[in-house]
Amino acid sequence: MLNTLTSRLAIAASLTLAASSAMAIVIPINTADPANGLTDIYSATFDGGLVPCTGSSPSYCSFFGGDAPAGRQIVLSPNPSGVANAVPGGIAGATTGSSLNLTKVGNDLQLTGGTIAAAPVTLTISGTTTVTPSGTAGFVLDPGLRTATLNANGQAEFLVNMAPGTAADFSTFSSIVLAGDCTGPLCALIPILSLDMNKYRLFVDFDPTFTSFTADFIGQTSNNSLVYATLNSTVIPVPAAVWLMASGLGLLAGFRRRVAV
């Protein structure tokens with residue numbers, strides 16, 4: 001199996017021997033993947049404070065200063081929300097299409113932002129208020145350069161902290177929620193609601209051939225609320241995937257050396 005995979009990777013990498021070792025590509029998020037989109041919103045206002053980290057907490061728990069407690073007062077429908085190939089409303093400077101901007105440099109993976117637009121989604125708050133935005137919700141990652149190391153399994157974890165600044169700009173609720181989009185006693189809160197995030201974790205996990213990835217996103221707002229999303233890619237076309245293929249060869253070679261020891 002290893003020999004077969006090595007051969008496939010070698011063939012793909014040989015297609016462009018002259019390719020640069022650092023080539024930025026915009027990788028679309030798969031709008032047809034039913035796992036993609038917003039999956040959860042923990043509200044510190046409605047759900048209570050974060051739970052202290054324990055030995056069984058995720059490795060990134062301390063980065064966020066705690067874990068989200070069980071139970072949610074904000075329910076998404078559908079869930080996952082799905083993603084859209086469009087600019088999320090209420091955000092200046094967003095680019096068209098849901099995508100992440102990634103660059104391979106040596107054994108590092110570099111991230112220079114991205115735009116995620118959610119498909120139409122209904123939010124039910126505390127069982128009393130229903131919000132169905134007319135505009136497209138979503139978020140935009142700060143375009144600054146972030147670097148994470150790719151491990152031997154083709155995984156990279158970005159932990160971005162720009163507090164008190166904005167690391168991920170969520171759609172302005174007052175722009176995407178129009179008159180008649182909200183019913184219930186909590187509608188008066190819409191103008192002051194914000195899911196702008198000053199911290200986020202992005203975990204990218206490439207498939208064995210380095211031609212697609214799955215990705216998990218968690219963003220934290222200034223009041224400790226958390227926004228969760230699944231961001232799985234489309235298949236990355238050759239030659240754009242060549243730097244990933246070459247990386248796969250290097251990582252696989254290291255794996256085979258360790259097995260032989």
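Just so we're clear, the structure is a prediction, and the values are computed from it rather than from any experiment.
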Asks: Once salt bridge (charged side-chain N to carboxylate O under 4.0 Å, His left out) is applied, do any residues pair with D142, and if so which ones, sequence neighbours excluded?
Replies: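 With neighbours one apart ignored, the set is R146.
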Asks: At what distance, to the nearest 0.5 angstrom, does OG1 of T115 lie from CD1 of I91?
Replies: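 It comes to 7.5 Å.
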Asks: Using atom types as modelled and distance alone, determine if a side-chain donor or acceptor of N198 lies under 3.5 Å from a backbone N or O of A167.
Replies: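 Between the backbone of A167 and the side chain of N198 there is no qualifying donor-acceptor contact (under 3.5 Å).
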Asks: Considering all heavy atoms of both residues, which atom of P88 and which atom of A94 are nearest to each other, and what is their separation?
Replies: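 For P88 and A94, the tightest heavy-atom pair comes out as CD-CB, 4.3 Å.
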Asks: Return the set of residues passing ring-ring contact (aromatic ring centres under 6.0 Å, His included) with F217 (not counting sequence neighbours), or none when no residue passes.
Replies: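 F217: ring-ring contact (aromatic ring centres under 6.0 Å, His included) contacts with F139, Y200.
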Asks: With no hydrogens and no angle check, is any side-chain donor or acceptor of S43 less than 3.5 Å from a backbone partner on T45?
Replies: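 Yes; judged by distance alone, with no hydrogens or angles, the pair exists.
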Asks: Measure the CG-OG1 distance between D196 and T166 for me, rounded to the nearest 0.5 Å.
Replies: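 Interatomic distance, D196 CG to T166 OG1, rounded to 0.5 Å: 5.0 Å.
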Asks: Minimum heavy-atom separation for F64 to L226, with atom names?
Replies: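 Smallest heavy-atom distance, with atoms named: CD2-CD2, 4.2 Å.
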Asks: Using atom types as modelled, flag every donor-acceptor pair under 3.5 Å from a side chain in residues 174-193 to any protein atom, sequence neighbours excluded.
Replies:
residue : atom : partner : partner atom : Å
D181    : OD1  : S134    : OG           : 2.9
D181    : OD2  : S134    : N            : 2.9
D181    : OD2  : S134    : OG           : 2.8
D181    : OD2  : L178    : N            : 2.6

Asks: Ignoring hydrogens, what is the shortest heavy-atom contact between P69 and L50? Give both atom names and the distance.
Replies: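 The answer is CD-CA, 4.4 Å.
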Asks: Kindly compute the distance separating CE (M197) from CG (L195), expressed to the nearest 0.5 Å.
Replies: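 The CE atom of M197 sits 6.5 Å away from the CG atom of L195.
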Asks: If you measure from OG1 on T149 to CG on D108, what distance do you get to the nearest 0.5 Å?
Replies: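 It is 4.5 Å, given to the nearest 0.5 Å.
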Asks: Would L145 and Q110 count as a side chain to side chain contact (heavy atoms under 4.5 Å, CB included) here? Give the steps.
Replies: CA-CA 7 Å; L145 175 64; Q110 294 184 344; 3.5 Å; yes
Asks: Is the closest side-chain heavy-atom distance between L109 and L102 below 4.5 Å?
Replies: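 Answer yes - side chains close enough.
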Asks: What heavy-atom pair brings A156 and A148 nearest, and what distance separates the two atoms?
Replies: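 That would be CB-CB, 4.0 Å.
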Asks: Before you tell me yes or no, could you show the steps for N161 and L159 under side chain to side chain contact (heavy atoms under 4.5 Å, CB included), namely the whole-Å CA-CA distance, both residues' side-chain angles and the distance that decides it to 0.1 Å?
Replies: CA-CA 7 Å; N161 183 355; L159 296 174; over 6 Å; no
Asks: Side chains of S212 and S233 only: does a donor on one sit below 3.5 Å from an acceptor on the other?
Replies: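 No pair is found: no donor N or O on one side chain lies under 3.5 Å from an acceptor on the other.
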Asks: With rounding to the nearest 0.5 Å, note down the distance linking OG1 in T172 to CZ in F170.
Replies: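 Reported to 0.5 Å precision, the distance equals 10.0 Å.
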Asks: Could you tell me whether the side chain of S99 reaches within less than 4.5 Å of the side chain of I27, counting heavy atoms only?
Replies: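 Not in contact.
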Asks: Membership question, hydrophobic clusters at under 4.5 Å side-chain separation (ILVMFWY): are V131 and F46 in the same one?
Replies: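 Both belong to a single hydrophobic cluster.
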Asks: How close do P34 and P80 get, heavy atom to heavy atom, and via which atoms?
Replies: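 Shortest heavy-atom separation between P34 and P80 comes out as O-CG, 3.5 Å.
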Asks: Between F206 and F210, what is the ring plane arrangement, given parallel below 30°, perpendicular above 60°, and tilted in between?
Replies: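 Ring orientation, 0 to 90° scale: parallel.
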Asks: Between I25 and I236, does a side chain to side chain contact (heavy atoms under 4.5 Å, CB included) hold up when you go through it step by step?
Replies: CA-CA 9 Å; I25 59 175; I236 306 165; 3.8 Å; yes
Asks: Checking the side chain of S98 only, and the main-chain atoms of V83 only, is there a donor and an acceptor separated by less than 3.5 Å?
Replies: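 Not at all, since once roles are kept as given, no pair shorter than 3.5 Å links the two residues.
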Asks: Within the structure provided, determine whether L76 and I41 are in side-chain contact (heavy-atom separation under 4.5 Å).
Replies: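 With C-beta onward as the side chain, the pair touches.
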Asks: In this structure, would V160 and L141 fall into the same cluster of hydrophobic residues linked by side-chain contacts under 4.5 Å?
Replies: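 Linked within one cluster.
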Asks: To the nearest 0.5 Å, tell me how far Y60 OH sits from C53 SG.
Replies: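 If I round to the nearest 0.5 Å, the distance is 10.5 Å.
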Asks: Taking side chain to side chain donor-acceptor pair (under 3.5 Å) as the definition, give me every residue that meets it alongside D33, ordered by chain and number, with sequence neighbours left out.
Replies: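 For D33 the side chain to side chain donor-acceptor pair (under 3.5 Å) partners, ignoring immediate neighbours, are N232.
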Asks: So which pairs with a foot in residues 208-219 pass salt bridge (charged side-chain N to carboxylate O under 4.0 Å, His left out), sequence neighbours left out?
Replies: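 Every pair satisfying salt bridge (charged side-chain N to carboxylate O under 4.0 Å, His left out) with a residue in residues 208-219: there are none.
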Asks: List the steps, then state whether side chain to side chain contact (heavy atoms under 4.5 Å, CB included) holds for Q220 with F63.
Replies: CA-CA 10 Å; Q220 185 174 42; F63 176 71; 5.9 Å; no
Asks: Do the non-hydrogen side-chain atoms of N36 and N30 ever get within less than 4.5 Å of each other?
Replies: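 Touching, per the 4.5 Å side-chain cut-off.
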Asks: Would you mind listing every side chain to side chain donor-acceptor pair (under 3.5 Å) that reaches into residues 69-89, with sequence neighbours excluded?
Replies: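 Applying side chain to side chain donor-acceptor pair (under 3.5 Å) to every pair that reaches into residues 69-89, excluding sequence neighbours, yields D40-R72, Q73-S126.
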Asks: Spell out, yes or no, whether V87 and V140 are grouped together once hydrophobic residues are joined by side-chain heavy atoms under 4.5 Å, including indirect joins.
Replies: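 No, separate clusters.
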Asks: Is T124 close to I74 at the side-chain level, that is, under 4.5 Å between some pair of heavy atoms?
Replies: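 No, every pair of side-chain atoms sits at 4.5 Å or beyond.
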Asks: Would you say that L111 contacts T147 through its side chain, given a criterion of any heavy-atom pair below 4.5 Å between the two side chains?
Replies: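 A side-chain contact is absent here, since even the closest heavy-atom pair is not under 4.5 Å.
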Asks: Can you find a heavy atom in the side chain of L231 that is under 4.5 Å from one in the side chain of I116?
Replies: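 They are in side-chain contact.
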Asks: Going hydrophobic residue to hydrophobic residue with side-chain gaps under 4.5 angstrom, can you get from F158 over to L100?
Replies: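 Linked within one cluster.
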Asks: Hey, are the side chains of F213 and D207 touching, using non-hydrogen atoms and a 4.5 Å cut-off?
Replies: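 Side chain of F213 against side chain of D207, heavy atoms only: no contact under 4.5 Å found.
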